[in-house]
Peer 1: 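Pasting a structure here, questions to come.
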Amino acid sequence: MKKTVIEGGRGGVDEVRRKFSEVRDAYKNVLPKVDPALINDILERTRASGEGGEGEEPLSYTIEVFTKEGIDAEAARQYIISKTGMAPAIFDKGTHYVTNQKLTLEMLKEISDSPDVVEVHGSFCGGVGMRGAYFERRW
């Protein structure tokens, strides 16, 4: 059997690895508290649908926001309602907030930039409704 040599070393695989590393670095720099899987999901769905960009209708996600201890849960609840129009389910002694809401990368940036937020996870729900808390905080 004859070995075939592909131009560019490994057939462009190294470029994919390099680009992926650049994307992950951008995630860490811009949205450091957000689960990369959530960012990927939003980007893939908005790319596929043509929605979710500036001025487009955002997609529905169930998001889970973990905060520092000692946050005023009622004040956080009111803030979330004022921003999203949705009342969050609150767990773990006021450190875990779950909402079903429309979501964009800009909204994730605002959440991630909050000094009270520790981490953010989520999953696409397509407007079906909240399934409840799913993630646990990574300690």
Side-chain angles (χ1 to χ4, degrees):
M1 225 188 263
K2 189 175 180 182
K3 228 181 197 181
T4 304
V5 177
I6 299 173
E7 296 268 335
R10 298 181 195 163
V13 172
D14 287 338
E15 181 179 356
V16 170
R17 285 188 178 109
R18 185 180 54 75
K19 295 278 188 186
F20 180 75
S21 181
E22 290 173 9
V23 167
R24 291 303 285 243
D25 288 345
Y27 289 0
K28 287 178 189 175
N29 290 331
V30 178
L31 301 163
K33 300 173 189 174
V34 180
D35 181 3
L38 176 56
I39 301 168
N40 285 341
D41 191 80
I42 289 174
L43 290 171
E44 284 293 332
R45 288 180 194 280
T46 55
R47 179 177 173 266
S49 69
E51 296 179 352
E54 190 82 27
E56 295 287 340
E57 181 69 23
L59 300 172
S60 294
Y61 281 81
T62 298
I63 65 163
E64 301 189 39
V65 178
F66 296 88
T67 64
K68 296 176 182 176
E69 292 184 18
I71 301 300
D72 181 342
E74 184 56 30
R77 179 182 178 280
Q78 290 303 320
Y79 178 78
I80 293 167
I81 292 170
S82 74
K83 293 299 273 185
T84 68
M86 305 298 290
I90 304 172
F91 303 96
D92 302 325
K93 300 178 184 173
T95 62
H96 183 183
Y97 299 81
V98 182
T99 57
N100 181 25
Q101 66 179 73
K102 301 288 186 171
L103 189 63
T104 65
L105 285 177
E106 291 77 14
M107 292 172 179
L108 276 177
K109 173 79 170 130
E110 185 176 343
I111 294 166
S112 181
D113 286 349
S114 170
D116 295 330
V117 171
V118 175
E119 60 186 80
V120 182
H121 295 273
S123 57
F124 179 72
C125 66
V128 172
M130 187 183 306
R131 65 168 194 264
Y134 179 78
F135 293 96
E136 291 186 22
R137 184 166 171 205
R138 293 184 234 154
W139 296 97

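Here the structure is a predicted model, which means the values were calculated and not measured. Just the heavy atoms: all of them, side chains too, but no hydrogens, waters or symmetry mates, feed the values below.
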Peer 1: Not counting sequence neighbours, which residues clear side-chain hydrogen bond (donor to acceptor under 3.5 Å, both in side chains) with Lys109? List them please.
Peer 2: Asp113
Peer 1: Using atom types as modelled, flag every donor-acceptor pair under 3.5 Å from a side chain in residues 70-87 to any protein atom, sequence neighbours excluded.
Peer 2:
from  : atom 1 : to     : atom 2 : distance (Å)
Asp72 : OD1    : Glu74  : N      : 3.1
Asp72 : OD1    : Ala75  : N      : 3.2
Glu74 : OE2    : Gln78  : NE2    : 2.9
Tyr79 : OH     : Glu110 : OE2    : 3.0
Ser82 : OG     : Tyr79  : O      : 2.7
Lys83 : NZ     : Glu110 : OE2    : 2.9
Thr84 : OG1    : Ile80  : O      : 2.8
Thr84 : OG1    : Met86  : N      : 3.0
Thr84 : OG1    : Met86  : O      : 3.2

Peer 1: Where do Ser123 and Leu38 come nearest, in terms of heavy atoms and distance?
Peer 2: N-CD1, 4.4 Å
Peer 1: Under the side-chain contact (heavy atoms from CB on, under 4.5 Å) criterion, do Leu105 and Val30 qualify, and how do the steps go?
Peer 2: CA-CA 10 Å; Leu105 285 177; Val30 178; over 6 Å; no
Peer 1: Is there a path of hydrophobic side-chain contacts, each under 4.5 Å between heavy atoms of I, L, V, M, F, W or Y residues, that connects Ile39 with Val16?
Peer 2: no
Peer 1: Rounded at 0.5 Å granularity, tell me how far OH in Tyr27 sits from CG in Leu43.
Peer 2: 5.0 Å
Peer 1: Of the non-hydrogen atoms in Thr67 and Gly94, which two are nearest, and what is the gap between them?
Peer 2: OG1-O, 3.6 Å
Peer 1: How would you list, by chain and number, every residue that makes a side chain to side chain contact (heavy atoms under 4.5 Å, CB included) with Lys28, sequence neighbours excluded?
Peer 2: none
Peer 1: Please determine which of Asn100, Asp41, Thr104, Thr99 meets the side-chain hydrogen bond (donor to acceptor under 3.5 Å, both in side chains) test together with Tyr61.
Peer 2: Asp41
Peer 1: Phe124 and Ser60: which non-hydrogen atoms are nearest, and at how many Å?
Peer 2: CD1-O, 3.3 Å
Peer 1: Go through the structure and list residues passing side-chain hydrogen bond (donor to acceptor under 3.5 Å, both in side chains) with Asp116, not counting sequence neighbours.
Peer 2: none
Peer 1: Can you name the closest pair of heavy atoms from Leu103 and Ile42 and give their distance?
Peer 2: CD2-CD1, 3.7 Å
Peer 1: Among all residues two or more places apart in sequence or in another chain, which pass the salt bridge (Lys or Arg N to Asp or Glu O under 4.0 Å) test with Arg17?
Peer 2: Asp14
Peer 1: Donor-acceptor pair, distance only, cut-off 3.5 Å: does the side chain of Lys33 make one with the backbone of Phe66?
Peer 2: no
